[in-house]
Amino acid sequence: MKALILAGGFGTRLRPISCTRPKTLFPIVNKPLLERILQRLEKTGIKEAILAVNGLTEFYLKKYTIEKYGLDIKYSIDPPKKPLGTGGPIKKAERLIGKSGPFLVLNGDIFTDLEYKEIIEFHKKKQAIATIALYEVDDPSRYGVAEILDNNRIKQFIEKPKKDEAPTKLINAGIYVLDPKIFNYIPKDKPTSMEREIFPKLIKEKNLFGLTMQGLWMDIGKPAGYLQANNKLLKTYHKKNKIRMQNSEIKTPVAIDSDVKIGLGTVIGPYVAIGKNTIIANNVKINHSVILPDVTIKEGATIKGAIIGEGAVIGKNVKVNKDCVIGDYVEIEDNILICEGRAVCPGTKITENIINSI
Ligand code: GTP
């Protein structure tokens, strides 16, 4: 079986970090999400993955040289300046996928341990045109919500309903198994939404099935979801993570990648992932945060609940507060305060306190 990974969206909700990196390359505890997905595909016995991307995503993915876990990787590229949505890229990849049997489709921004094998087996038994993995969440209003009948057939599917109008709490988990017949449903070279255009058609024909799955499932599409995915994985590291540092304090769970330097009196953790080659000076405090690679954090800085982009330089005594997202290669001068929930665009030099968003 082949897998198609949808990874050509713009990740607008994860800006500004997604301005310089596709969502699927966001590290989850120091390893890009895409590598974690490929690793799970390999464990499922899948040998070939097709990455449905746009030209810019392809550029970043090739530049990064991802670990492929032995999989044969192919690219299917949206036409220039014409994003094909969540359905169009499936049709675009028709030739690469072929018609020999069902295939798996994954959203490239989902961090999960749901068993792909389970939905594949289920799909084969039902001989459906499409089976989607469903996952129960507290607030389904941000997602596509499904109502299923006793035989697992989907009765209705509503994309992003109002909170009180969602028929269930079962959402589209962004994992599908599709029969090649699906290619007859999707127009060629036209932006198409699986959720809004194709699923309703399949429901009318009684051809859409849903399998409720249990396990870990997180959508990294927003900063809070991204931090949460890191925290969930860090939690599982707790016992393995024996870090000894002289004259600095590590409050587990913490993950520190290679060639990271940590100064005296610095307190790191809990819930911190630090990317490689990062330099952290003396008396710094970092908790509940993700620090991407090659960051410099100067003496006395405090980072709480934030995402710090690759290559950023955080000046002396700077305070970066909860839910802040600092873009790649941002430079923050000494003694600056960045208030809660602020975003700073990549490459910006910050010379004044940020009280309002820029
Ligand atoms: P937002 O702009 O923040 O909504 O993000 P998004 O559009 O990247 O993500 P969304 O959750 O809407 O998309 C689900 C998955 O489909 C993600 O893995 C996206 O990368 C992917 N995707 C969305 N639009 C396209 C597209 O036009 N082309 C391709 N190839 N993939 C897409």
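Whatever order the structure lists ligands and atoms in, that order sets their numbers, starting from 1. Just so it is clear, the structure is predicted and the values come from calculations on it, not from any experiment.
- Residues forming a side-chain hydrogen bond (donor to acceptor under 3.5 Å, both in side chains) with E310 (at least two apart in sequence, or on another chain): R21, Y329.
- Among residues two or more places apart in sequence or in another chain, the side-chain hydrogen bond (donor to acceptor under 3.5 Å, both in side chains) test is passed with Y75 by none.
- When heavy-atom distances to ligand 1 are checked against 4.0 Å, the residues falling inside are L6, A7, G8, G9, F10, G11, T12, R13, K23, A52, V53, D78, P83, L84, G85, T86, P89, N107, G108, D109, ordered by chain and number.
- Judged by the 6.0 Å distance and 45° axis criteria, R36 is not positioned over the aromatic ring of F111.
- In this structure, F103 and F183 have parallel ring planes: the angle between them is below the 30° cut-off, well short of the 60° mark.
- The backbone N or O of L216 sits less than 3.5 Å from a side-chain atom of D113, completing a donor-acceptor pair.
- Scanning for side-chain hydrogen bond (donor to acceptor under 3.5 Å, both in side chains) contacts around T212 gives an empty result, with sequence neighbours left out.
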